[in-house]
Amino acid sequence: MTDQPKKTFTLTNDQTGESIKLPVEEGTMGPATIDIRTLYAQTGHFTLDPSFTATGSCKSRITYIDGEEGVLLHRGYSIEELTEKSNALEVAYLLLYGELPSKEEMKEFDHNITTHTLVHEQVHHFFRGFRRDAHPMAIMVAVVGALAAFYHDSLDIWDVRQREISAHRLIAKIPTIAAMTYKYSQGQPFVYPKNDLGYAENFLHMCFSLPVEDYKVSPVLAEAMDRIMILHADHEQNASTSTVRIAGSSQANPFTCISSGIASLWGPAHGGANQAVLEMLAEIGTKDRIPEFIARAKDKEDPFRLMGFGHRVYKNIDPRATVLKDSCHDVLKEMGVESDPTFELAMELERIALTDPYFIDRKLFPNVDFYSGIILRAMGFPTEMFTVLFAVSRTVGWISQWKEMIEEPSLRIGRPRQLYTGETERKYVGIGKR
Ligand code: ACO
C-alpha cells in the first residue's frame with residue numbers, strides 16, 4: 001500500500017514573496033488543523049489568536065462538538081443517548097478509560113468510587129476556618145487544592161497507578177466536599193456518605209439529610225441530578241479544562257490542577273452563568289418587562305447580556321439545554337410546583353429572543369445554563385451552589401483530560417507567546433527627576 005501524499009497548506013509572505021508549506025493534520029471528525037509548530041523557526045513570526053477562536057491546543061480523543069449542528073459526543077456516544085440510557089458513574093468510566101465498561105469493570109469501578117467517598121477527618125477541621133457566608137466556590141477552590149496536602153501517596157504523576165488513584169479520589173470525594181460546603185453555609189452538621197446509595201443519590205443525601213430526620217431521596221430528583229452530572233461531565237477544551245491542562249502541563253499534581261479548573265469555572269461567562277441566569281430572571285421579574293431587557297442586551301453601550309444565551313462553540317441550540325428543559329418539567333412536577341413563574345418567564349424569554357433578528361443573526365441560542373438553575377433551585381439548592389454542582393459534574397471531564405495529557409509522550413509545558421505592544425527600551429529616571 002502506498003502512503004497517501006501528505007496534505008499541506010502554503011503560506012506566503014506578501015512583502016517578500018517567500019512561501020512555506022505547513023503540514024495539515026486531519027482528525028476523525030471536525031475541521032482539519034494546520035500544524036504551525038515550525039512557523040517561528042521558518043518565518044520569525046508568531047500567530048496571534050488572543051481568545052483561541054481558531055487555535056487547537058491539543059489532540060484529544062475524549063469529546064467531540066459540532067457547534068454548527070448542535071452535536072455533542074463523548075467517546076463517540078451522543079449526549080442524548082447517554083442521558084437516556086447510561087448513568088453518571090458509567091459516563092465517568094467512559095470518559096476516563098475510553099470505552100464503556102463490562103459488567104465486571106463497572107462493578108469494580110463503582111466499588112472503588114463508593115468506598116472512597118469519605119474525606120480525611122482533618123478536612124472537617126480545615127472547613128471551620130472559613131466564614132459561614134463565604135461563597136461556596138471559594139471554599140471549593142481551597143479544599144480541593146488542599147487535598148494534595150492530605151493524599152501524599154498519590155501525587156507522583158508519572159506513576160500510572162497513582163494517577164488512577166488520584167482520579168478515583170477526585171471523582172469520589174468531590175460530591176462529599178461540595179455537600180460539606182453546602183452544609184457549612186447552612187450552619188448544619190456535615191452528613192457522611194452512605195455506601196448503599198447511588199452516586200447522584202448519595203450526593204443529594206449528603207446535602208439534604210439531617211441527623212435528626214431521615215431524608216428519603218426522591219428517585220425523580222436523583223435521576224435529574226444524575227442527568228445534570230452527565231450533561232456537564234465534559235465539554236472539550238473550554239476555559240476551565242484548558243486551565244486544568246495548562247496547570248497540569250507544568251507537572252503540577254492533579255488536585256491542584258482541578259482546583260485551578262474550579263477557579264476558572266467560577267466566572268459568570270463560564271460556570272457562573274446559571275447563577276447569573278436566575279439573578280437576571282429575578283431582576284426581569286415579569287413577562288411584560290422582557291422587551292426592556294432584550295433591548296438592553298442588544299444595546300452595545302449597555303454591558304448587560306442575556307445570561308444563559310450564546311456560546312463560543314454552539315451556533316445552534318445547545319443539545320444539553322434541550323435535555324434540561326425536559327428535566328425541568330419532571331422536577332417541578334415532583335416538587336409539587338404546577339406552574340413555576342421563573343420557568344414560565346424563562347420559556348417566554350427564550351421564545352421572544354429566538355424570534356428576534358439580533359439573536360437569530362448572531363446565532364445566539366439558550367445554552368446549558370439557561371435551564372439548569374431552575375431545576376437546581378426547585379431541588380432546594382441556593383443559587384450560590386449552582387456553580388459548585390457544575391464543578392462536581394465537570395471534575396470527571398477535567399481529570400480525564402488531565403490524564404490524557406499526562407499520558408501524551410510529547411507532553412511539554414504550555415507556554416503561549418505574545419505580540420508585545422508596550423514601550424521600547426528606555427532609561428530609568430530617578431524619582432526626584434520625574
Ligand atoms: N446577550 C447579548 N448579546 C450577546 C450575548 C448575550 N448573551 N452573547 C453574545 N452576544 C453578542 C455579542 O455582543 C456579539 O455581538 P457583535 O457581533 O454585535 O459584537 C456577538 O453576540 C458574538 O458574541 P461574542 O461575545 O463575540 O461571543 P463569545 O464567543 O466571545 O462569547 C459567551 C460566548 C461568553 C458564552 C457569550 O455568549 C456570553 O457572554 N453569554 C452569556 C453568559 C453565558 O451564558 N455563559 C455560559 C456559557 S456556557 C458555559 O460556560 C457552560
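Just follow the structure's listing: the first ligand is 1, and inside any ligand the first atom is 1. Owing to the predicted nature of the structure, the values given are computational and were not obtained by experimental measurement.
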Self-check item: salt bridge (Lys or Arg N to Asp or Glu O under 4.0 Å) against Lys59, all qualifying residues, sequence neighbours excluded
Solution: Glu25

Quiz item: Quick one: salt bridge (Lys or Arg N to Asp or Glu O under 4.0 Å) partners of Arg305, sequence neighbours excluded?
Solution: none

According to the interplanar angle, ranging from 0 to 90°, do the rings of [X] and [Y] count as parallel (below 30°), tilted (30 to 60°) or perpendicular (above 60°)?
X	Y	value
Tyr215	Phe208	tilted
Phe343	Tyr371	perpendicular
His120	Phe150	tilted

Protein heavy-atom partner closest to [atom] - residue, atom, separation in Å:
atom	result
atom 42 (C) of ligand 1	Met307 CE, 3.3 Å
atom 5 (C) of ligand 1	Leu364 CD1, 3.9 Å
atom 34 (C) of ligand 1	Ala269 O, 4.1 Å
atom 25 (O) of ligand 1	Arg305 NH2, 2.8 Å
atom 35 (C) of ligand 1	Gly310 O, 3.7 Å
atom 41 (C) of ligand 1	Phe309 O, 3.4 Å
atom 2 (C) of ligand 1	Ala297 O, 3.6 Å

Would you say [X] has any N or O atom under 3.5 Å from an N or O of ligand 1, going by distance alone?
X	result
Lys315	no
Gly271	no
Arg320	no
Phe359	no
Leu306	yes

Quiz prompt | Aromatic Tyr358 / basic Arg362 pairing, under 6.0 angstrom, 45° off normal | solution = yes

Donor-acceptor pair between [X] and [Y] side chains, under 3.5 angstrom:
X	Y	answer
Asp234	Thr63	yes
Arg377	Thr383	no
Ser60	Glu404	yes
Ser327	Arg227	yes
His270	Ser240	yes
Gln237	Arg245	yes
Tyr97	Glu164	yes

Any idea which atoms of ligand 1 are less than 4.0 Å away from a heavy-atom of [X]?
X	answer
Asp369	46 (C), 48 (S), 49 (C), 51 (C)
Gly308	43 (C), 44 (O)
Val368	51 (C)
Phe390	51 (C)
Arg362	11 (C), 15 (O), 16 (P), 17 (O), 18 (O), 20 (C), 21 (O)
Ala273	43 (C), 44 (O), 45 (N), 46 (C)
Arg312	28 (P), 29 (O), 30 (O), 33 (C)

Quiz prompt | atom 22 (C) of ligand 1: any protein heavy atom closer than 4.0 Å | solution = no

Quiz item: Is there at least one protein heavy-atom neighbour under 4.0 Å from atom 27 (O) of ligand 1?
Solution: no

Practice problem: For ligand 1, indicate whether the residue Thr53 contacts it via side chain, backbone, both or neither (heavy-atom separation under 4.0 Å). | Solution: neither

Exercise. Just let me know how His270 lines up against ligand 1, side chain, backbone, both or neither, with a heavy-atom cut-off below 4.0 Å.
Key: both

Would [X] count as a contact residue for ligand 1, given that I'm defining contact as a non-hydrogen atom of the residue lying under 4.0 Å from a ligand atom?
X	answer
His235	no
Phe304	no
Tyr358	yes

Quiz item: In terms of side-chain geometry, is the basic nitrogen of Lys298 or Asp356 positioned less than 4.0 Å from the acidic oxygen of its partner?
Solution: yes

Quiz item: So, Glu99 and Arg75, do they make that salt bridge, N to O below 4.0 Å?
Solution: no

Self-check item: The one among Lys300, Arg394, Lys363 that brings a heavy atom closest to atom 16 (P) of ligand 1
Solution: Lys300

Quiz prompt | Of the listed options Arg296, Lys298, His311, closest to atom 48 (S) of ligand 1 (non-hydrogen atoms) | solution = His311

Exercise. State yes or no: are the ring centers of His124 and Phe190 separated by less than 6.0 Å?
Key: yes

